[in-house]
Every structure is written in structure tokens, then in C-alpha cells.
Asks: 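Following this message is one structure expressed as C-alpha cells.
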Amino acid sequence: MSALNGTKFNSAVFLLTGIPGQEDIYLWCSIPFCLAYVISLVGNSVILFIIKTDLSLHEPMYIFLSMLAITDLGLLISTIPTILGVFLFNYREISHSACFAQMFFIQSLQLIESSILLLMAYDRFVAICNPLRYASILTLRRVTKLGIVFALRGVGVIFPLPALLTRYRYCRANVLSHSYCLHMEVMNMACADISVNNIYGLIITVVTVGLDALLIFISYVMILRTVLSIASHSEFLVALNTCVSHLCAVLLFYTPEFSLTLIHRFGKGSSHLPQIILGYIYLLVPPLMNPIVYSVKSKQLRARIIRVFVK
């Protein structure tokens, strides 16, 4: 036991990082984070309130949108406290258990969001390619079951990662490059063979997020083929217009997701600044923009929101 305790450095905490070299302006940096947090919180809460209270919006598309809003709120609650702790109070310490818990919530919610985007793509595919059977295929009961199954998938596949990390000793540098915890960073600080975490993390990324992205792409290929074969130019534009908000949500989610994954795995010698900026975009921009995009593009939702605030 004494030999084990005497080897290298074993820290009880990790140190979070804001933007290195910009510590003097952290208070100013906190302003956009606070604004993004408040706008995202209000926007997603309004979306949920409108969909819950308006019976005419109890349709698959809006139920999936409410699932997306709940997931975005979960991501905000999981990440903003440590981000604002760093920028407002320069509080950088986070215990191992708190870090593993945050990592679990962030990454499981990210997988759930990917699944919801896939379900929304399926909704658009059925609505455009098989409209006569839309109501019979996407029943409220089936939509609920799909949401539960994919939520359990996100929790189930991520749970082994923090469980494995709790078994390791951490005797290397304990400074994280973000103001929140990610699996790819934390595992590299362990003084142990992390092959299992590395391989498992890569496999679940490919078979969950990667597969979801591929299926979304295939669904839009089939949508385009269907619309081009049977629709006039005006009908083509109308059909595509119903997909614009979902396409924006897909791009907002997957672009920083894959970019950050590639940088963490293959960009070891690259500058940390693009990695840090992508990290904030990856977590904060989708919850901020999704309510705005859907409110602008959905006439029904926009009308209900205006009615609520005009009263």
C-alpha cells in the first residue's frame, strides 16, 4: 500500500479551465454565457409550456420537439454551473465523483439528443414519403415508446464509462482543457491501461451517434428522391420547407460533435483554442438555437407563442 501511495502524484480533484491566457477578462466572458443560459432556459421552457398546454400540438413532430427541449434543458443544467463557476468566481476544482457524474449526464444526454434527431428525421420521412399512413405509423403510444427506448439506450451505453473510470488512479496532470468534464480527457489522466475505455468509447460513438447520422442522411436521400419524383416545383419547396428547421438542428448538433471528437482523438499537437471554442459551441449553441429555429419556421408554434406573450 505504501508503494502504491508513493508513486507519482495522486490528486483528489481535477482542475477545470476556462480560456487560458484570458483570466483578466473572465468576468466579461461570463456575460455571453449568462445570456445564452437565460435565453436557452426561457426558450426551451416556453416551447415545453406551449406544447403541453395546446392540445392541437399533441402531434408526433411537436412531441419529438418537446423531447429535444427537455434534453437541451438537461444539458444546460449539467454544464452551466461549472462553466459559470470558472468565469464568475474562478472556482476551478471539481472532485472526481462530481466530474464523473457530470460526464455521465453530458454524454448520455448527447446520445439521447442524437436519437431524438433521428426520430424527427423518421417523422419527416413518413410525413413526406407515406403521408396516408402517417397517423397509423406514428401513433402517440408508439412515439412515447420510441422516446423511452432511445432514452434508455443513451443511459445504458454511457453508464459503463464512468463506472470504469472510478476504478482507476489519477496520478498525471489533473488540469482539464474545458470547464466541464468529458470522457476522452478524463481517461487520459488515469495511471492505468485505458484500452477498454478507449475502444468502448470509440465503438459507442460509431454505433450510436455515427449510425444515427448515417440513418438521418439516408432518410433525407429518400425524402429528396420521393419529392423529386412526384412533386411540382412549388410542392417540392413546400416539402423541403417542412424539413429546414430539422436540418438546422442536425447541423448545429453533428458539426461540432464530430469536429470535437476528431480533435480530441487525433489533434494532440494542435492549438487548444479551437478545441475550447468548439467545446462551448458543442454544448451551448444547440440549446440556444433550437427553440429559435423551430419558433421561426413553425407557423403553428410561432402563432401560439405570440398569443401567449401578447395577452
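Note that these values count all heavy atoms, side chains included, but never hydrogens, waters or copies made by symmetry.
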Asks: Considering residues at least two apart in sequence or located in another chain, which fulfil the ring pair (Phe, Tyr, Trp, His ring centres under 6.0 Å) criterion with Tyr220?
Replies: His246
Asks: How long is the span from the CD1 atom in Ile51 to the CZ atom in Phe64, to the nearest 0.5 Å?
Replies: 12.0 Å
Asks: Please report the shortest heavy-atom distance between Val13 and Asn174, naming the atom on each side.
Replies: O-ND2, 3.0 Å
Asks: I'd like to check the salt bridge (charged side-chain N to carboxylate O under 4.0 Å, His left out) partners of Arg124; sequence neighbours left out, ordered by chain and number.
Replies: none
Asks: What residues, two or more places apart in sequence or in another chain, satisfy ring pair (Phe, Tyr, Trp, His ring centres under 6.0 Å) together with Tyr180?
Replies: His178
Asks: According to the interplanar angle, ranging from 0 to 90°, do the rings of His96 and Phe100 count as parallel (below 30°), tilted (30 to 60°) or perpendicular (above 60°)?
Replies: tilted
Asks: For Met120 and Met61: C-alpha separation, side-chain torsions, deciding distance, then whether side-chain contact (heavy atoms from CB on, under 4.5 Å) applies.
Replies: CA-CA 7 Å; Met120 296 174 89; Met61 181 177 73; 5.7 Å; no
Asks: With a 4.5 Å cut-off on side-chain heavy-atom distances among I, L, V, M, F, W and Y, is there a chain of contacts connecting Val149 to Ile112?
Replies: no
Asks: According to the side chain to side chain donor-acceptor pair (under 3.5 Å) rule, which pairs have a member within residues 134-144, sequence neighbours left out?
Replies: Asp123-Tyr134
Asks: So which atom in Ser298 and which in Tyr62 form the shortest heavy-atom distance, rounded to 0.1 Å?
Replies: OG-OH, 3.0 Å
Asks: Please step through side-chain contact (heavy atoms from CB on, under 4.5 Å) for the pair Val209 and Phe258, ending with a clear verdict.
Replies: CA-CA 9 Å; Val209 177; Phe258 286 129; 3.9 Å; yes
Asks: Answer whether the closest heavy-atom distance between the side chains of Met187 and Leu164 falls below 4.5 Å.
Replies: no
Asks: Using the side chain to side chain donor-acceptor pair (under 3.5 Å) rule, collect all pairs that involve residues 26-44, keeping only residues at least two apart or in two chains.
Replies: none
Asks: Answer yes if Leu76 and Val42 sit in the same cluster of Ile, Leu, Val, Met, Phe, Trp and Tyr residues linked by side chain heavy atoms under 4.5 Å apart, and no otherwise.
Replies: yes
Asks: Within a radius of less than 6.0 Å around CZ of Arg225, do more than 12 heavy atoms belonging to other residues, nucleotides or ligands occur?
Replies: no
Asks: So how far is it from Ile83 CD1 to Leu88 CG, rounded to the nearest 0.5 Å?
Replies: 11.0 Å
Asks: Please find the pair of heavy atoms, one from Ile116 and one from Leu68, that lie closest to each other, and give the distance.
Replies: CD1-N, 3.9 Å
Asks: Give, for atom CD1 of Ile70 and atom CG of Leu65, the distance between the pair rounded to the nearest 0.5 Å.
Replies: 10.0 Å
Asks: Report yes if some heavy atom in the side chain of Ser114 is under 4.5 Å from a heavy atom in the side chain of Tyr254; otherwise report no.
Replies: yes
Asks: With the side chain counted from C-beta on, respond yes when Leu119 and Phe150 share a heavy-atom pair under 4.5 Å apart, and no when they do not.
Replies: yes
Asks: Can you pull the side chain to side chain donor-acceptor pair (under 3.5 Å) pairs that have at least one residue in residues 75-87, sequence neighbours excluded?
Replies: Thr82-Gln102
Asks: For the residue pair Leu176 and Leu15, establish whether any side-chain heavy-atom pair is separated by less than 4.5 Å.
Replies: no
Asks: If you look only at pairs with a residue in residues 53-67, which of them pass as a salt bridge (Lys or Arg N to Asp or Glu O under 4.0 Å), with sequence neighbours excluded?
Replies: Asp54-Arg304
Asks: The criterion is salt bridge (charged side-chain N to carboxylate O under 4.0 Å, His left out); which residues satisfy it with Arg153, sequence neighbours excluded?
Replies: Asp212
Asks: Check whether any side-chain heavy atom of Leu84 lies under 4.5 Å from a side-chain heavy atom of Phe89, and answer yes or no.
Replies: no
Asks: Given side-chain contact (heavy atoms from CB on, under 4.5 Å), test Leu301 with Ile305 step by step and report yes or no.
Replies: CA-CA 6 Å; Leu301 195 58; Ile305 292 172; 4.1 Å; yes
Asks: Using ring-ring contact (aromatic ring centres under 6.0 Å, His included), reason through Phe33 and Tyr280 one step at a time and then give a plain yes or no.
Replies: CA-CA 9 Å; Phe33 287 115; Tyr280 290 126; 4.9 Å; yes
Asks: Tell me whether Ser259 contacts the main-chain N or O of Pro256 through its side chain, where contact means a donor paired with an acceptor under 3.5 Å.
Replies: no
Asks: Restricting to pairs with a member in residues 83-143, which pass disulfide (SG to SG under 2.5 Å), not counting sequence neighbours?
Replies: Cys99-Cys181
Asks: Under the criterion side-chain contact (heavy atoms from CB on, under 4.5 Å), I'd like the reasoning laid out for Met103 against Leu182: C-alpha separation, chi angles, the key distance, then a yes or no.
Replies: CA-CA 5 Å; Met103 183 202 79; Leu182 290 177; 5.6 Å; no
Asks: Looking at every heavy atom in both Ser179 and Val86, which two are closest together, and how far apart are they?
Replies: CB-CG2, 3.9 Å
Asks: So, Gln107 side chain and Ile158 main chain: donor-acceptor pair closer than 3.5 Å or not?
Replies: no
Asks: Linking I/L/V/M/F/W/Y whenever their side-chain heavy atoms sit closer than 4.5 Å, directly or via other members, would Ile137 and Met222 fall into one cluster?
Replies: yes
Asks: So do the side chains of Ile204 and Leu161 get within less than 4.5 Å of each other, counting heavy atoms only?
Replies: yes
Asks: With rounding to the nearest 0.5 Å, note down the distance linking CG in Leu140 to NE2 in His58.
Replies: 9.0 Å
Asks: Would you say that Tyr200 contacts Val157 through its side chain, given a criterion of any heavy-atom pair below 4.5 Å between the two side chains?
Replies: yes
Asks: At their closest point, which heavy atom of Val186 faces which heavy atom of Leu165, and how far apart are they?
Replies: CG1-CD1, 4.0 Å
Asks: Quick one: pull up CD in Glu185 and CZ in Phe14 and give me the separation to the nearest 0.5 Å.
Replies: 10.0 Å
Asks: May I have all residue pairs that pass salt bridge (Lys or Arg N to Asp or Glu O under 4.0 Å) and include part of residues 252-263, sequence neighbours excluded?
Replies: none
Asks: Report the distance from atom OG1 of Thr17 to atom CZ of Arg92, rounding to the nearest 0.5 Å.
Replies: 4.5 Å
Asks: Hydrophobic clustering (ILVMFWY, side-chain heavy atoms < 4.5 Å, transitive) - are Phe217 and Leu224 grouped together?
Replies: no
Asks: Quick check: Tyr282 with Phe253 (ring centres under 6.0 Å apart)?
Replies: no
Asks: Only pairs under 3.5 Å count here: list side-chain donor-acceptor contacts from residues 289-296, not counting sequence neighbours, and write none if there are none.
Replies:
residue: Asn290; atom: ND2; partner: Asp72; partner atom: OD2; Å: 3.1
residue: Asn290; atom: ND2; partner: Pro286; partner atom: O; Å: 3.1
residue: Ser295; atom: OG; partner: Pro291; partner atom: O; Å: 2.6

Asks: Hey, quick one: are Leu211 and Tyr122 part of the same hydrophobic cluster, counting side-chain heavy atoms closer than 4.5 Å, chains of contacts allowed?
Replies: yes
Asks: State, to 0.1 Å, how close Pro60 and Val143 come at their nearest heavy-atom pair, and which atoms those are.
Replies: CB-CG2, 3.9 Å
Asks: Are Lys52 and Leu57 side-chain neighbours, meaning at least one heavy-atom pair lies under 4.5 Å?
Replies: no
Asks: By the salt bridge (Lys or Arg N to Asp or Glu O under 4.0 Å) test, which pairs, at least two apart or in different chains, include something from residues 187-209?
Replies: none
